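What follows is one structure encoded as structure tokens, with my remarks underneath.
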Amino acid sequence: MVLQSYKTPLNGTRIRQEKMENLAMSEEIDICISNFLSFNEKYNVAYKDGREPVFVKQQYLDGPKNELIYSIEKLVKKDSALQWKVLEYSYSQV
């Protein structure tokens, strides 16, 4: 009981930190989704009715496509790191 009372303030701090990290992650995901929707609209217009866009247009689309791939990979790595942190904490409590 006494030991639990010493851990409680740390848990409160940890929970606040996790909420801040979750909010930041949520905002990053929202930005990523917005960027994807914008790119998808441009992509659909470029390839409308089975057309093949000119080379310059393809290169123009490759930039945002590569940025999206990079940002998605970054989010996946960040999410994995957060999950490991939660797992490590929960095992340390056992």
Side-chain angles (χ1 to χ4, degrees):
M1 184 86 159
V2 172
L3 182 60
Q4 189 65 26
S5 67
Y6 282 110
K7 290 182 180 180
T8 303
L10 295 176
N11 287 342
T13 304
R14 181 187 56 81
I15 289 171
R16 277 194 300 277
Q17 181 65 28
E18 285 179 4
K19 285 183 179 181
M20 290 174 53
E21 289 174 357
N22 288 340
L23 179 62
M25 176 72 108
S26 178
E27 289 175 356
E28 288 179 38
I29 290 171
D30 289 345
I31 290 170
C32 188
I33 290 171
S34 174
N35 290 342
F36 173 78
L37 292 174
S38 173
F39 169 78
N40 192 48
E41 186 177 314
K42 292 174 187 174
Y43 182 87
N44 286 338
V45 168
Y47 286 89
K48 187 176 183 180
D49 299 327
R51 302 186 288 200
E52 187 71 24
V54 294
F55 181 71
V56 174
K57 184 72 170 183
Q58 288 177 346
Q59 285 183 325
Y60 172 74
L61 290 172
D62 282 344
K65 178 183 172 184
N66 292 334
E67 290 174 13
L68 277 171
I69 292 170
Y70 175 75
S71 64
I72 290 170
E73 289 174 350
K74 190 171 118 180
L75 283 172
V76 168
K77 287 178 185 176
K78 189 174 186 177
D79 181 52
S80 296
L82 286 175
Q83 288 178 0
W84 278 111
K85 201 184 312 182
V86 168
L87 283 175
E88 287 174 358
Y89 177 78
S90 52
Y91 282 123
S92 70
Q93 296 299 313
V94 175

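Small disclaimer: the values here were computed from a predicted structure and weren't measured. Count residues from 1 along the sequence. Both backbone and side-chain heavy atoms feed into the values below; hydrogens, waters and symmetry mates do not.
Rounded to the nearest 0.5 Å, atoms OG (Ser71) and CG (Asn66) are 10.5 Å apart. Separation of atoms CD (Glu28) and CG (Leu75) is listed at 5.5 Å; rounding is to 0.5 Å. Here the CD-CG distance, from Gln59 to Leu61, works out to 10.5 Å after rounding to the nearest 0.5 Å.
The ring-ring contact (aromatic ring centres under 6.0 Å, His included) contacts involving residues 47-70 comprise Tyr43-Tyr47, where partners must be two or more places apart or lie in separate chains. Applying the side-chain hydrogen bond (donor to acceptor under 3.5 Å, both in side chains) definition to pairs two or more places apart or across chains, those involving residues 49-58 are Glu52-Gln58.
Annotation for Lys78 and Met25: closest pair C-CE, 3.9 Å, computed over non-hydrogen atoms. Here the shortest heavy-atom pairing between Ile72 and Cys32 reads CG1-SG, 3.5 Å.
Partners of Glu67 according to the salt bridge (charged side-chain N to carboxylate O under 4.0 Å, His left out) rule, which considers only residues two or more places apart in sequence or in another chain, do not exist here. When the side chain to side chain donor-acceptor pair (under 3.5 Å) test is applied to Glu73, no partner is found at least two apart in sequence or on another chain. By the side-chain contact (heavy atoms from CB on, under 4.5 Å) test, Leu23 pairs with Glu27, sequence neighbours left out. Listed by chain and residue number, nothing satisfies the side-chain contact (heavy atoms from CB on, under 4.5 Å) test with Ala24 (two or more places apart in sequence, or in another chain).
Side-chain N or O atoms of Asn40 include none that pairs as donor or acceptor with a backbone N or O of Phe36 at under 3.5 Å.
Each of Ile31 and Phe39 belongs to its own hydrophobic cluster when Ile, Leu, Val, Met, Phe, Trp and Tyr are linked at side-chain heavy-atom distances under 4.5 angstrom.
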